[in-house]
Amino acid sequence: MTTAEPAADAAVDNLAALESEAIHIFREVAGEFDRPVILFSGGKDSTLMLHLAIKAFWPAPVPFPLLHVDTGHNFDEVLEFRDRVVEKHGLRLVVAKVQDWIDDGRLEERADGLRNPLQTTPLLETIAENKFDAVFGGGRRDEERARAKERIFSLRNAFGQWEPRRQRPELWNLYNGRHRPGEQVRVFPLSNWTEADVWNYIAREKVELPSIYYAHQRAVYQRDGMWLSEGPWGGPRPGEDVRELSVRYRTVGDGSCTGAIESTASTVDEVIAEVQASRLTERGATRADDRMSEAAMEDRKREGYF
């Protein structure tokens, strides 16, 4: 037996353990809560999360709907993929459009054009309107320091706010879903996964993703060290030259703040090799909204964001 074989066996065992944990979490929530919902954007983490939910309840359908907070600045390829997946699996999709909140005056456009920070109010109001008591998110602890602090079951108060001191211990995979009326629990089945785990599992399960996760030619311009794409969110500014490059996206969010990376990785195996060689998380490398301050993500989580 070569040394590569034990390493490969260990990787398989790790993915099996992560899958088992996530499926257990989905079933626990189904048993403990009345109105769960899955946050689904069409990105790789939410797509993987949905894949695991389908496995958790197969052959029955997924017993809860999907929720997408649409900033209006999403990539066309991702929205097309989102709608196709929903139709394929016969799912119910609730869409909270940031533009609706702007149109009726509940929100105002930011001077910098970013809409990711505007997602919190539509998210919280849609959760309250639909009386969702458990909300699945695709956050992982390796993405960002604030997310590393959060439990798998994360209690939010009646205002949807995160209070770190109210988090409960989770010993022996025992999760406490108790909450008062009006409170909610955010649930993170992928907490213990890494970006490499996600891609290795995608390869193993042959999970389909939006095309922009793989290398393609795109017109981009550079700002703050990131390659941004032209779109309805504005740009380029004077002096920002547009170039045609081979790029791909490591994470997918609002087009105004999600950067591409130069890449020729056009297959899952090539992406895995690229991820393993990287020293930066995908959010740290390509998300401008996380660079606004050292505590940008933690501040937004305290307000009610994921």
Side-chain angles (χ1 to χ4, degrees), residues 14-70 78-96 123 126-127 130-143 147 150-156 170 173-177 179 184-195 197-210 213 251-253 268 306:
N14 178 56
L15 291 180
L18 291 170
E19 178 189 69
S20 178
E21 178 186 61
I23 287 174
H24 169 66
I25 291 166
F26 274 109
R27 291 171 177 168
E28 279 287 300
V29 170
E32 284 193 52
F33 295 86
D34 296 322
R35 295 180 65 85
V37 67
I38 299 175
L39 276 187
F40 183 73
S41 65
K44 72 178 188 310
D45 294 319
S46 64
T47 299
L48 172 57
M49 192 167 56
L50 176 59
H51 178 84
L52 289 162
I54 291 169
K55 293 191 78 167
F57 301 107
W58 183 264
V62 176
F64 14 81
L66 310 182
L67 169 61
H68 181 208
V69 181
D70 183 354
V78 179
L79 291 180
E80 183 277 330
F81 174 80
R82 178 202 70 182
D83 294 342
R84 182 155 44 86
V85 168
V86 168
E87 182 178 2
K88 175 182 178 181
H89 296 289
L91 302 166
R92 182 166 74 90
L93 174 66
V94 178
V95 180
L123 172 65
T126 303
I127 289 172
N130 289 273
K131 296 182 172 58
F132 295 132
D133 53 0
V135 186
F136 289 98
R140 308 188 321 268
R141 291 187 178 124
D142 74 324
E143 288 183 281
R147 285 185 166 168
E150 201 149 29
R151 301 284 195 268
I152 290 175
F153 274 33
S154 179
L155 182 67
R156 303 298 175 99
E170 294 178 338
N173 292 335
L174 297 175
Y175 307 113
N176 186 344
H179 60 286
Q184 58 187 261
V185 175
R186 306 287 175 88
V187 183
F188 301 98
L190 306 184
S191 282
N192 294 323
W193 297 59
T194 66
E195 186 183 8
D197 293 328
V198 168
W199 278 104
N200 280 311
Y201 189 80
I202 287 168
R204 191 187 86 174
E205 299 285 301
K206 297 180 173 57
V207 178
E208 183 185 3
L209 295 178
Y213 277 104
T251 181
V252 170
V268 173
F306 267 81

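Computation of the quantities below employed the complete heavy-atom set of this structure, encompassing side-chain atoms and omitting hydrogens, waters and symmetry-equivalent molecules.
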Please examine the side chains of Leu48 and Leu190, heavy atoms only from C-beta on, and report whether any two atoms are closer than 4.5 Å. yes
Of the non-hydrogen atoms in Ala203 and Val268, which two are nearest, and what is the gap between them? CB-CG1, 3.3 Å
Applying side-chain contact (heavy atoms from CB on, under 4.5 Å), can you list everything that pairs with Ser41, at least two apart in sequence or on another chain? Ser46, His68
Nearest 0.5 Å please: distance from the CG atom of Leu15 over to the CH2 atom of Trp193. 6.5 Å
Nearest heavy-atom neighbours spanning Phe136 and Ile25: CE2-CG2, 4.4 Å
Can Val198 and Arg140 be said to form a side chain to side chain contact (heavy atoms under 4.5 Å, CB included), step by step? CA-CA 10 Å; Val198 168; Arg140 308 188 321 268; 3.8 Å; yes
What's the separation between atom CZ in Phe33 and atom CZ in Phe153, rounded to the nearest 0.5 Å? 5.0 Å
Quick check: closest heavy atoms across Asp133 and Pro36, and the distance to 0.1 Å? OD1-N, 3.6 Å
Can you check whether Ile202 reaches Trp199 side chain to side chain, under 4.5 Å on heavy atoms? yes
For residues 51-61, which side-chain donor-acceptor pairs fall under 3.5 Å, sequence neighbours excluded?
{"from": "His51", "atom 1": "NE2", "to": "Glu205", "atom 2": "OE1", "distance (Å)": "2.9"}
{"from": "Lys55", "atom 1": "NZ", "to": "Glu19", "atom 2": "OE2", "distance (Å)": "2.7"}
{"from": "Lys55", "atom 1": "NZ", "to": "Glu205", "atom 2": "OE1", "distance (Å)": "3.1"}

Contact summary for Pro189 and Gly137, nearest pair of heavy atoms: CD-O, 3.5 Å
Treating Asp142 as the side-chain partner and Glu195 as the backbone partner, does any N or O pair qualify as donor plus acceptor under 3.5 Å? yes
Residues Val37, Asn130; criterion side chain to side chain contact (heavy atoms under 4.5 Å, CB included); working and verdict: CA-CA 10 Å; Val37 67; Asn130 289 273; over 6 Å; no
How would you list, by chain and number, every residue that makes a side-chain contact (heavy atoms from CB on, under 4.5 Å) with Asn192, sequence neighbours excluded? Leu18, Glu21, Arg141, Ile152
For Pro210 and Gly42, the nearest pair of non-hydrogen atoms, with its separation, is CG-O, 3.1 Å
Can you check whether Leu155 reaches His179 side chain to side chain, under 4.5 Å on heavy atoms? yes
Output, in order, the C-alpha distance, side-chain angles, deciding distance and verdict of salt bridge (charged side-chain N to carboxylate O under 4.0 Å, His left out) for Arg84 and Glu208. CA-CA 11 Å; Arg84 182 155 44 86; Glu208 183 185 3; 2.8 Å; yes
Within this structure, what is the OH-OG1 distance for the pair Tyr213 and Thr47, rounded to the nearest 0.5 Å? 7.0 Å
State the CG-CD1 distance between Leu39 and Ile127, to the nearest 0.5 angstrom. 6.5 Å
Tell me, with the steps shown, if Asn200 and Asn14 meet side chain to side chain contact (heavy atoms under 4.5 Å, CB included). CA-CA 10 Å; Asn200 280 311; Asn14 178 56; over 6 Å; no
Starting from the C-alpha separation in whole Å, work towards a yes-or-no answer on side chain to side chain contact (heavy atoms under 4.5 Å, CB included) for Glu32 and Val185. CA-CA 11 Å; Glu32 284 193 52; Val185 175; over 6 Å; no
Flag side-chain contact, heavy atom, 4.5 Å: Leu67 against Leu123: yes
Rounded to the nearest 0.5 Å, what separates atom CG in Asp45 from atom CZ in Phe188? 12.0 Å
Distance in Å, Met49 CE paired with Ile38 CD1, rounded so as to fall on 0.5 Å steps: 6.0 Å
For the residue pair Phe26 and Phe64, does the interplanar ring angle fall in the parallel (under 30°), tilted (30 to 60°) or perpendicular (over 60°) class? parallel
